[in-house]
Engineer: 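Could you have a look at this structure, given as structure tokens, before my questions?
Below, chains carry the letters A, B, ... as their sequence lines are ordered, and counting in each starts from 1.
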2 protein chains.
Amino acid sequence: MSDLFPKKGHDHDRCVNSALKQAEKVCMEENARFTDMRRKVFTLIWQSHKAVTAYELLDALTSEGQRVQPPTVYRALEFLTDLGLVHRIESLNAYFGCDRPDCEHLGQYFICTQCGRVAEAVNEDMSNAVLKAAAQVGFSIQATTVEIKGLCHDCATH
Amino acid sequence: MSDLFPKKGHDHDRCVNSALKQAEKVCMEENARFTDMRRKVFTLIWQSHKAVTAYELLDALTSEGQRVQPPTVYRALEFLTDLGLVHRIESLNAYFGCDRPDCEHLGQYFICTQCGRVAEAVNEDMSNAVLKAAAQVGFSIQATTVEIKGLCHDCATH
DNA sequence: CAGAAAATGATATATTATAACATTTCATCA
DNA sequence: TGATGAAATGTTATAATATATCATTTTCTG
């Protein structure tokens, strides 16, 4: 059985840093500015193994100093999701960092209802099934939402 | 190519009536009351080919007479979704009638961003791919959300 | 019919998200 | 290099979605 979540002991700070590097690269390529606010929001999202809501981000940003307003956060989120650096989890109204911002993909999300952790999968079987089903009914896809809720292996067995 | 939506000329009132019959049957079996309010909400949802928001339901119910309050509608929606008579479309914050309330299934939803129509699919390829992917990572599924947005064949070609 | 359980009504408020306009920051080039 | 226009952010207000809580009514059961 492959692991849904990173093994214990993995260096998450390093993941976050590597994600930041990737984000910088994507922004560079797209001629988009990775501003301070966008970087802060991106980092906060990446530091969490759970999906993060807009107002959690607001609170986190506000405790750092002066009051940040909702539009500020929502704009950063829009920027990041448009570039594919962050995904919105529709069933949670929350946001999660994308592992693979550099390639087009249909992502699928596993969400543990016990521990709250989220994991992105890029599973060809699922993607292909969706693409095939759409083709069968003449539907041209713009976006897909595949969110799977349940118990992760850790929570199911402990 | 199979049809995503009912053919023109199909008798929608008859569909709604048949859905009502099914709903009654399901409620009977579950020993649940299909009250007046629940029936109204169910009917309003079924009369629409689009997903319907809670506040659209509120407005529709209110115009019929005295003011209906949000909890009333949300309770009816909770009842209907718990029984599987209605599905929530997460990416729209809206609700859609279920064709097959009598059998357990993982539903998938096609949502046309042009005309707003929604269609439920119960596609084995997609369901199996999801089940298999979950099994591979030791994830035990409680609920799935598969929502596919894009252009239906009609909108893409006209 | 009494009493309990279920459903609905009513009020208030929490949570999520956006509209509109003002100000600041930043890249560009004259 | 500093004027200028575009992009980003700040600010205020409000819209849209959802729930908590307690009161009342309806329905089921004995």
Engineer: Side-chain atoms of residues 95-107 of chain A: list all donor-acceptor pairs with protein atoms under 3.5 Å, sequence neighbours left out, distances to 0.1 Å.
Structural biologist:
unit_1	atom_1	unit_2	atom_2	d
A/Tyr95	OH	A/Arg88	NH1	2.9
A/His105	ND1	A/Cys103	O	2.8
A/His105	NE2	A/Glu120	OE2	2.9

Engineer: Could you tell me how far apart B/Glu78 (CD) and C/dA7 (P) are, to the nearest whole angstrom?
Structural biologist: 11 Å
Engineer: Mark yes when over 12 heavy atoms from residues, nucleotides or ligands other than B/Lys50 sit less than 6.0 Å from its NZ; otherwise mark no.
Structural biologist: no
Engineer: I want to check a possible cation-pi pair here: A/Arg38 against A/Phe79, using under 6.0 Å from ring centre and within 45° of the ring axis as the test.
Structural biologist: yes
Engineer: If you apply the rule side chain to side chain contact (heavy atoms under 4.5 Å, CB included), what do you find for B/Leu83 with B/Cys27, and how did you get there?
Structural biologist: CA-CA 8 Å; B/Leu83 276 185; B/Cys27 286; 3.8 Å; yes
Engineer: For the residue pair A/Cys155 and A/Cys152, establish whether any side-chain heavy-atom pair is separated by less than 4.5 Å.
Structural biologist: yes
Engineer: Starting from P on C/dA7, measure out to CD on B/Glu30 and report it in whole angstrom.
Structural biologist: 13 Å
Engineer: Between C/dG9 atom C1' and B/Asp36 atom CG, what is the distance in whole Å?
Structural biologist: 15 Å
Engineer: Consider only side-chain N and O atoms of B/Thr145 and A/Glu90, and report whether a donor and an acceptor are under 3.5 Å apart.
Structural biologist: no
Engineer: Are there any protein N/O atoms within less than 3.5 Å of an N/O atom in nucleotides 25-29 of chain C, and if so, which ones and at what distance?
Structural biologist:
none

Engineer: I'd like to know if the side chain of A/Thr144 pairs up with that of B/Glu147 as donor and acceptor (distance under 3.5 Å, no hydrogens or angles considered).
Structural biologist: no
Engineer: Check nucleotides 10-12 of chain C for protein N or O atoms closer than 3.5 Å to its own N or O atoms and list the pairs.
Structural biologist:
unit_1	atom_1	unit_2	atom_2	d
C/dA10	N6	B/Arg75	NH2	3.3

Engineer: Contact boundaries of DNA chain D with chain A (under 4.0 Å, heavy atoms), 5' to 3'?
Structural biologist: D/dA7 to D/dT12
Engineer: Aromatic contact between A/His87 and A/Tyr109, with the criterion being ring centroids under 6.0 Å apart: yes or no?
Structural biologist: yes
Engineer: Tell me the interatomic distance from A/Tyr74, atom OH, to C/dA17, atom P, rounded to whole angstroms.
Structural biologist: 4 Å
Engineer: Starting at atom CG of A/Leu77, determine the distance to atom P of C/dT18, rounded to an integer number of angstrom.
Structural biologist: 10 Å
Engineer: Suppose we call a contact any N or O donor and acceptor under 3.5 Å apart; does that hold for the side chain of A/Tyr55 and the base of C/dA17?
Structural biologist: yes
Engineer: Residues two or more places apart in sequence or in another chain: which of them pass ring pair (Phe, Tyr, Trp, His ring centres under 6.0 Å) with B/His153?
Structural biologist: none
Engineer: Side-chain donor-acceptor pairs under 3.5 Å in residues 125-139 of chain A, sequence neighbours left out?
Structural biologist:
unit_1	atom_1	unit_2	atom_2	d
A/Asp125	OD2	B/Lys132	NZ	2.7
A/Ser127	OG	A/Gln108	NE2	3.0
A/Ser127	OG	A/Asn123	O	3.1
A/Asn128	ND2	A/Glu124	O	3.2
A/Lys132	NZ	B/Asp125	OD2	2.6

Engineer: Can a cation-pi geometry be assigned to A/Arg39 and A/Phe34, taking NZ or CZ under 6.0 Å from the six-membered ring centre and within 45° of the ring axis?
Structural biologist: no
